[in-house]
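Working notes, structure below.
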Amino acid sequence: MTLRPSILNLDDSLTSQGSLIDRVQAAGGLVMSDGGIGPRLRLWCRDPILQQLHIRLDAHYPISKPELVFVGSGDFHHVTPVLIDRALTASRSQATTVLHFDNHPDWVRFSPGVHCGSWVARAARMTRVQRLISVGICSGDIGRRGSRNGDLELVKQGRVEVYPFRDPDGGSVLALCNNIWPLLNDKSDDEIAELLISRIETPDIYITIDKDVLRSRDAVTNWDQGGLSLDTLLSVIGRVSRTHRIIGADVVGDWSPLHYGGPWWERALKYGEAWLDQPHDVPDRANAIEVNQTANLKILDALCGNLA
C-alpha cells in the first residue's frame, strides 16, 4: 500500500531539505506545524505535553490514509506512539506488528512521562500492537550491563524481540532473557528480510526508522550510530512491504542543534543529560542536511513509490 509522505516540523531539521519538501508536497503531503511545543517535547516530556501534540495533530491534520511521517531528530522518537495510534485509528487495524530500526532499544524505564529512549515500553503495550521487533541495534544498551536498565519484562513476555547488528559484548549471538538472538552483521539482505518476515504474525505492520541505525556515511544524527547500510535498510523494508500491509511509518534521526523549552530546571536537566549521553562533536550542518536528505528521499521512494 502506498503511503502519503508528510513532515512534522518539531526542530527545523527538515525545513532546509528543499527537495524533500517539494516531493512531499507534490505527493499531497503536508508540512505539519507543532504549534511551538517542539522544544518542550525534545528528549523527554510529561504526558500532558505529548497529549497536547496528539490533540493538535488530530484537530488540524486528520488522516484518512496511511502516512509516512518525517519527524526530525531522534530526540523526538517518543512521538512514535502518537503516530502509531493515529495509524491504527485511520486503518482500523485490529492487530499490528511494529518494525523498529534503531541503534538503541529505547526500552529504558522512565517515569513520569516518556523519553526518546523509553517509548518502546509504551508502544509495545498498546492494545492492538501484537509485537515490536527491534532491528539493527549495536549500542551497549543491550549488553550485559546496559540491559539492566531496560524494561526486560517486554522481552520475557514476547512483546519485544531484538535482532542486533552486533553484540556490544563481542559475542557471536546476543543472549538476553533466556533467548538467543542472531546477529545481522554477517547476514545477506535477503536473509535479514526472511528472518523478520518469519517473526511477523500480523498482516499489518507499522515501520519506525531511526537513522542512527545507519553507518555514519549514510546519516548524520544527534546520537552514536550503528552499522547497517542504507542499501540494506531499503532492501529489507522493500521486501517486507511486499508481504504485509503497511498502516503507517515514521522516520527520525536528522541532526539539529539542541534547543529545549520549558522551565529553566527542565532545560538544565536536558542539557546535562545530552552532555552525558550524546556525542559532543558538532557536524558540518550543510553536509548533515545533504546526507540526511539523500537518505530521506530514498526511504520515501522505498515506502511511497517513486514520486519524482
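Hydrogens, waters and symmetry mates are skipped; everything else that's a heavy atom, side chains included, is used. All figures in this text were calculated on a predicted structure; none of them were measured in a lab. For the single chain, residues carry numbers from 1 onward in sequence order.
- Atom CG in L43 sits 7.5 Å away from atom NE2 in H78 (nearest 0.5 Å).
- The minimum heavy-atom distance linking D169 with R144 is given by the pair OD2-N, 2.8 Å.
- Under the 4.0 Å criterion applied to side-chain N and carboxylate O atoms, E273 and K270 are not assigned as salt-bridge partners.
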Test salt bridge (Lys or Arg N to Asp or Glu O under 4.0 Å) applied to D218 and K298, step by step: CA-CA 11 Å; D218 289 328; K298 290 184 177 180; over 6 Å; no

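- Here D190 contributes atom CG and L195 contributes atom CG; the two are 12.5 Å apart, rounded to the nearest 0.5 Å.
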Decide side chain to side chain contact (heavy atoms under 4.5 Å, CB included) for L88 and I247; before the verdict, give the C-alpha distance in whole Å, the side-chain angles of both, and the deciding distance to 0.1 Å. CA-CA 7 Å; L88 286 166; I247 65 166; 3.7 Å; yes

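- For the pair R128 and D204, the minimum side-chain heavy-atom distance is 4.5 Å or more.
- E161 places no side-chain N or O within 3.5 Å of a backbone atom of R131 that could act as its donor or acceptor partner.
- Donor-acceptor pairing under 3.5 Å is lacking for the side chains of D254 and S13.
- The aromatic rings of F110 and W44 lie tilted to each other, with the angle between the two planes from 30° to 60°.
- Annotation for N178: atom CG does not count as buried by contact number, only 12 or fewer foreign heavy atoms lying within 6.0 Å.
- Salt bridge status for D151 with R125: present, with a side-chain N to carboxylate O gap under 4.0 Å.
- Taking both residues in full, the closest heavy atoms of G261 and E266 are given as O-OE2, 3.6 Å, listed atom of the first, atom of the second, then distance.
- Linking ILVMFWY side-chain heavy atoms closer than 4.5 Å, directly or via other members, places V220 and L228 in two distinct hydrophobic clusters.
- Ring to ring, H77 and W223 are not that close: their centroids are 6.0 angstrom or more apart.
- Of all heavy-atom pairs between G253 and T221, the closest is O-CG2, 3.2 Å.
- The CG atom of L269 lies 11.0 Å from the CZ atom of R267; values are rounded to the nearest 0.5 Å.
- Between A124 and L154, the shortest heavy-atom contact is CB-CD2, 3.9 Å.
- Residue R159 comes nearest to V129 through the heavy atom pair NH1-O, 4.5 Å, listed as atom of the first residue, atom of the second, then distance.
- Residues forming a salt bridge (Lys or Arg N to Asp or Glu O under 4.0 Å) with E290 (at least two apart in sequence, or on another chain): none.
- Of the inter-residue distances, the one linking I237 atom CD1 with L196 atom CG reads 11.5 Å to the nearest 0.5 angstrom.
- Under the 4.5 Å side-chain heavy-atom criterion for grouping Ile, Leu, Val, Met, Phe, Trp and Tyr, I207 is connected to W119 within one hydrophobic cluster.
- Expressed to the nearest 0.5 Å, how far CG of N222 lies from NZ of K211 amounts to 10.5 Å.
- S256 and R42 form a side-chain donor-acceptor contact under 3.5 Å, judged by distance and modelled atom types alone.
- Without hydrogens or angle criteria, S118 side chain to V114 main chain gives no donor-acceptor distance under 3.5 Å.
- With hydrogens and angles ignored, the 3.5 Å screen pairs no side-chain donor or acceptor of E67 with any backbone N or O of A87.
- Between L68 and I299, the shortest heavy-atom distance links the atoms CD2-O, 4.5 Å.
- In this model, no donor atom of one side chain and acceptor atom of the other lie less than 3.5 Å apart for S73 and D11.
- Within the 4.5 Å cutoff, the side chain of W107 has heavy atoms near those of the V162 side chain.
- Between V240 and I197, some side-chain heavy-atom pair lies under the 4.5 Å cut-off.
- Hydrophobic clustering places L230 together with L20 (ILVMFWY residues linked when any side-chain heavy atoms are closer than 4.5 Å, directly or through intermediates).
- Residue F70 holds its CZ atom at 11.5 Å from CD1 of I21, rounded to the nearest 0.5 Å.
- Cluster annotation: V79 is not connected to L258 through the hydrophobic network of ILVMFWY side chains, with a link wherever side-chain heavy atoms come within less than 4.5 Å.
- At a threshold of 4.5 Å between non-hydrogen side-chain atoms, the residues R245 and S93 count as touching.
- Linking ILVMFWY side-chain heavy atoms closer than 4.5 Å, directly or via other members, places Y206 and Y163 in a single hydrophobic cluster.
- Side chain of E191 to main chain of S188: a donor-acceptor pair is present (N/O by atom type, distance under 3.5 Å, no hydrogens or angles).
- The closest side-chain heavy-atom distance from C116 to D106 is not below 4.5 Å.
- Not counting sequence neighbours, the partners of D224 by the side chain to side chain donor-acceptor pair (under 3.5 Å) test are N103, H104.
- Inter-residue side-chain proximity for I209 and L214 is flagged as unmet; no heavy-atom pair is nearer than 4.5 Å.
- Looking at heavy atoms from C-beta onward, D102 lies out of side-chain contact with S134 at the 4.5 angstrom threshold.
- Under 4.0 Å is where a charged nitrogen must lie from a carboxylate oxygen, and between D250 and R86 no such pair does.
- For the residue pair Q130 and T202, no side-chain donor N or O sits within less than 3.5 Å of a side-chain acceptor on the partner.
- Using a 4.5 Å heavy-atom threshold, the side chains of S33 and R56 count as touching.
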